[in-house]
Amino acid sequence: MVLTEVLRDCRSIAVGGHVNPDGDCAGACMGMALYLRKVMPEARVDVFLEKLPPEVERNVPGTESVLHEVPQDAVYDAFIVLDAVNGRLGFSEPLFDRARVTVNIDHHVSNSGCAAHNYVDGYAGSTCELIAELIGKEDMDAEIAQALYVGIVTDTGVFQYPSTSEKTMRTAGMLMSFGFDFSKVVREVFFLMTPLQMRMRGAAFERAELLLGGRYILCVMDRALQEKYGADRDSLDSISSELLLTEGVDCSVFAHETEPGVWRVSMRSVKIVDVVSIACLFDGGGHTRAAGCTVYGAIEPALQKIEKEVRQQLHA
Ligand SMILES: [Mn+2]
């Protein structure tokens, strides 16, 4: 796909990603916007995203220009959906519906392309990797490169998940050659924790249960427990991935109650369990090794169903 061709006659371009934006979503949207503002200076390019995690907001260049609401009756010539499908756009959804030209770039296996112009590759480690490829070295600069690097680092777990490919490394190397502070990006985006995150991690580790002979680890955190510690959304972010660092474990599930009777269930696996197939049983989505879903009402029956699935897959 040649973006400047697809967007040729567009004077106004909106860029948006999924609700609860992460590093890949934000890096992709800002990388795209910075690129388009450079190569199509006559066009108006706006990014629409929900509030970003602070470490992402700090490390993705240009996030001060992100818009958190849609002006009433606004119409853009084009809408570019990144790291998502329409339906997961949240407040910017109406802009997608009204746009004459639609583009979708994504790496979620569950996405079959939701726009008139699609570049979807379920094997790619991140949406940012796909965008870096589309932009190419010619039109790259240090700011775009840093934005895209944030996404690659986020979605590959700093080049550790199996979705990391030879092409990922070559693309990341090309981005690094533009000279931004990649050590700072990795430390701040991926590793650094707030004191509250540190405490929530401790609480989660203490409550976690090893099941199925130590191959499945589960942690459940209801509202009351979160309130006791003063938890917020950001403080519970990567717990499911960290539970997976327990020796012998292949699959982790972290369920936390976001509001009374609404549970966010986050699942990870090392090698055997296909967590997206389980998340899909609850209308969720994601990837083979990292997926999530939302459960309404009582969590126990859902957890029993999940454990049964995990057991079957471990023994298959
Ligand atoms: Mn992504």
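All residue numbers refer to positions in the sequence shown, counting from 1.
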Holding to salt bridge (Lys or Arg N to Asp or Glu O under 4.0 Å), I want the full list of residues that pass it with Arg201, two or more places apart in sequence or in another chain.
Glu242
Side-chain polar contacts of residues 271-281 - donor-acceptor pairs under 3.5 angstrom, sequence neighbours left out - could you list them?
{"unit_1": "Asp274", "atom_1": "OD1", "unit_2": "Val276", "atom_2": "N", "d": "3.4"}
{"unit_1": "Ser277", "atom_1": "OG", "unit_2": "Asp274", "atom_2": "O", "d": "2.7"}
{"unit_1": "Ser277", "atom_1": "OG", "unit_2": "Gln313", "atom_2": "NE2", "d": "3.1"}

Does CZ belonging to Arg100 count more than 12 external heavy atoms closer than 6.0 Å?
yes
With Arg170 via salt bridge (Lys or Arg N to Asp or Glu O under 4.0 Å) - residues at least two apart
Glu166
Taking the side chain from Ser12 and the backbone from Asp77, do they hold a donor-acceptor pair closer than 3.5 Å?
yes
Side-chain ion pair, Lys305 and Glu309, N-O less than 4.0 Å:
no
For residues 36-48, which residue pairs qualify under side-chain hydrogen bond (donor to acceptor under 3.5 Å, both in side chains), counting only residues two or more places apart or in two chains?
Arg37-Ser65, Lys38-Asp141, Arg44-Asp46, Asp46-Tyr76
Can you see which heavy atom on Leu175 is nearest to which on Leu148, and at what distance?
CD1-CB, 3.9 Å
With sequence neighbours left out, what residues match Lys51 under side-chain contact (heavy atoms from CB on, under 4.5 Å)?
none
Got a sec, which residues hit side-chain contact (heavy atoms from CB on, under 4.5 Å) with Glu55, two or more places apart in sequence or on another chain?
Pro53, Arg58
Name each donor-acceptor pair under 3.5 Å that joins a side chain in residues 153-165 to protein atoms two or more places apart or in another chain, with its distance.
{"unit_1": "Thr154", "atom_1": "OG1", "unit_2": "Val150", "atom_2": "O", "d": "2.7"}
{"unit_1": "Asp155", "atom_1": "OD2", "unit_2": "His107", "atom_2": "NE2", "d": "3.0"}
{"unit_1": "Thr156", "atom_1": "OG1", "unit_2": "Ile152", "atom_2": "O", "d": "2.7"}
{"unit_1": "Thr156", "atom_1": "OG1", "unit_2": "Phe159", "atom_2": "N", "d": "2.8"}
{"unit_1": "Gln160", "atom_1": "NE2", "unit_2": "Gly157", "atom_2": "O", "d": "3.2"}
{"unit_1": "Thr164", "atom_1": "OG1", "unit_2": "Tyr161", "atom_2": "O", "d": "2.7"}
{"unit_1": "Ser165", "atom_1": "OG", "unit_2": "Lys167", "atom_2": "N", "d": "3.2"}
{"unit_1": "Ser165", "atom_1": "OG", "unit_2": "Thr168", "atom_2": "N", "d": "3.0"}
{"unit_1": "Ser165", "atom_1": "OG", "unit_2": "Thr168", "atom_2": "OG1", "d": "3.0"}

Among all residues two or more places apart in sequence or in another chain, which pass the side-chain contact (heavy atoms from CB on, under 4.5 Å) test with Thr194?
Leu196, Gln197
With under 30° as parallel and over 60° as perpendicular, where do the rings of Phe182 and Phe180 fit, or are they tilted in between?
perpendicular
Mind checking side chain to side chain donor-acceptor pair (under 3.5 Å) for Arg289 and listing every partner two or more places apart, or none if nothing turns up?
Ser269
Would you mind writing out the side-chain donor-acceptor pairs for residues 218-225 within the sub-3.5 Å range, not counting sequence neighbours?
{"unit_1": "Asp222", "atom_1": "OD1", "unit_2": "Ala224", "atom_2": "N", "d": "3.3"}
{"unit_1": "Asp222", "atom_1": "OD1", "unit_2": "Leu225", "atom_2": "N", "d": "3.0"}
{"unit_1": "Arg223", "atom_1": "NH1", "unit_2": "Glu257", "atom_2": "O", "d": "3.4"}
{"unit_1": "Arg223", "atom_1": "NH1", "unit_2": "Thr258", "atom_2": "O", "d": "3.0"}
{"unit_1": "Arg223", "atom_1": "NH2", "unit_2": "Glu227", "atom_2": "OE2", "d": "3.4"}

Residues in side chain to side chain donor-acceptor pair (under 3.5 Å) contact with Ser240, at least two apart in sequence or another chain:
Ser266
Could you pull out the closest heavy-atom pair between Ser126 and Gly151, with the gap in Å?
CB-O, 3.9 Å
Show every side-chain hydrogen bond (donor to acceptor under 3.5 Å, both in side chains) that has at least one partner inside residues 292-303, sequence neighbours left out.
Arg264-Thr294
Is it the case that Tyr119 and Glu133 place a side-chain donor and acceptor less than 3.5 Å from each other?
yes
